[in-house]
Amino acid sequence: MIFLDAAATTPVRREVLEAMWPYLTGEFGNPSSHHSLGDTAATALAGARTTTAKALGCRSGEIIFTSGGTEADNLAVKGIALARRAADPGLDRVAISAVEHPAVEESARYLERVHGFGVDVIPVDRYGQVTEEALAAVLGPRTALVSVMYANNEVGTVQPIARLAALARGRGIPFHTDAVQAAGWLPLDTGALGVDALSISGHKLGAPKGSGALFVRGRIRLEPLVHGGGQERGRRSGTENVAGAVALATALTLARAAQPRPAEQAAEGVASDVAAEPAQDPARRVANLRDDFIAAVLAGVPGAILTGHPTERLPAVASFCFPGTSGESVLLELERQGVICSSGSACAAGSDAPSPVLLAMGIEPEVAQTAVRFSFDATVTAEELRQAAAAVGIAVAGVQALGT
Ligand code: PLP
């Protein structure tokens, strides 16, 4: 099997498993306990927090460990918006992009439904990017929070986060970004990005499912969503997942080792840093393989359409529409040929409805229904992608011939 669905999830890396193992077994203490087992767990948790903070270029007190990306997004969107409105009742709107993951979109809709907030949806261009003009057009004196994802999970488009964040913060509005798909591929320095909150998830990076973190800048007030014993400085109660935090920190460190050093990053426009990285960089290597794969699919499949931005995209995501097919049929056919991929996002898989992300990019519903996403991890090889591209040609032709 050639696994090309790494944007859905990744296996736990051996180094990660080894780092977390002690905290699942012998060193099983509760970090709040006042005895030696508890102290060991607390020390491990503090170490994981420091490491995570280092990877995100922030202070350890600004890291909240969560059960993953969904919880981190919920806490950021609801927690910041509710705290801001509590301080100033006039702050009763949130702005989100039209291509957010449901974790952000549904959090905003919850604020609308239950708390009476207004939701401003920032349109995207045909590549799925938010422009500064589009963001500026929705911001107003009542905007409590802006949330725009760093990189899209369905098409891989990377947003100009530093510029968008500067625009919002210039007006005194906190800026959150969902960096779940960007983590491991793009620079995560929260200072350079200029964001106030950033979400990450362990299982996209080689840590287990159910681990994640939210960075929230120190001065930003946050209304907790989970109440109880006051762990995570009162911002997220519940006995901490020590092994999960250690796993996340280890996975981030391993991914960071594969990142370009800051000096090699362009001074501005983080989105274009991907293209500026040196040839030996793993992200650059994978991006080159991705470009060859995209070229092979476009050349080998008549009518195939690349979705998302042609260059400002995650190194490891190639996404297409194959008009005249159904995405689900192509997936099944590809799996029969040994290639595992996805119709867009794991959350939407199995649903017949066209992807809202593709619709927001102006793609017709009947074309959007033919979407297929290929996403790789850093170990992908040229030979795997050569075989996969050949399989795509056969699968699409087969599905078109059957008229399904
Ligand atoms: N945000 C994005 C962009 C994602 O791709 C995902 C997962 O697919 C999530 C959030 C949710 O993360 P988790 O699966 O850790 O809850």
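Remember, it's 1-based here, ligands and their atoms both numbered in the order they're listed.
Under a 4.0 Å heavy-atom criterion, Glu100 is not in contact with ligand 1.
Close contacts between ligand 1 and Thr70 involve ligand atoms 11 (C), 12 (O), 13 (P), 16 (O) [criterion: under 4.0 Å to a heavy atom]. Taking a cut-off of under 4.0 Å to the non-hydrogen atoms of Met149, the atoms of ligand 1 that pass are 3 (C). Residue contact check: His203 has heavy atoms under 4.0 Å from atoms 13 (P), 14 (O), 15 (O) of ligand 1. Atom numbering of ligand 1 starts at 1 in the shown order; those under 4.0 Å from a heavy atom of Gly68 are 15 (O). Remark: ligand 1 atoms within the under-4.0 Å shell around heavy atoms of Asp73 are 1 (N), 10 (C).
Counting heavy atoms closer than 4.0 Å to ligand 1, residue Lys204 contributes side-chain atoms (C-beta onward) but none from N, CA, C or O.
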Between Ser211 and His203, is a side chain to side chain donor-acceptor pair (under 3.5 Å) present by the stated rule, with each step listed?
CA-CA 7 Å; Ser211 58; His203 75 103; over 6 Å; no
So Arg109 and Glu106, salt bridge (charged side-chain N to carboxylate O under 4.0 Å, His left out) or not? Walk me through it.
CA-CA 5 Å; Arg109 295 297 166 200; Glu106 291 303 319; over 6 Å; no
Would Asn153 and Met149 count as a side-chain contact (heavy atoms from CB on, under 4.5 Å) if you check the C-alpha gap in whole Å, the side-chain angles of each, and the deciding distance to 0.1 Å?
CA-CA 9 Å; Asn153 48 303; Met149 71 200 320; 3.4 Å; yes
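One finds a salt bridge joining Glu232 and Arg49 here, because a Lys/Arg side-chain nitrogen approaches an Asp/Glu carboxylate oxygen to under 4.0 Å.
Using a 30° and 60° split on the angle between ring planes, Phe322 and Phe320 fall in the parallel class, below 30°.
Around atom CZ of Arg113, more than 12 heavy atoms belonging to other residues, nucleotides or ligands sit under 6.0 Å away.
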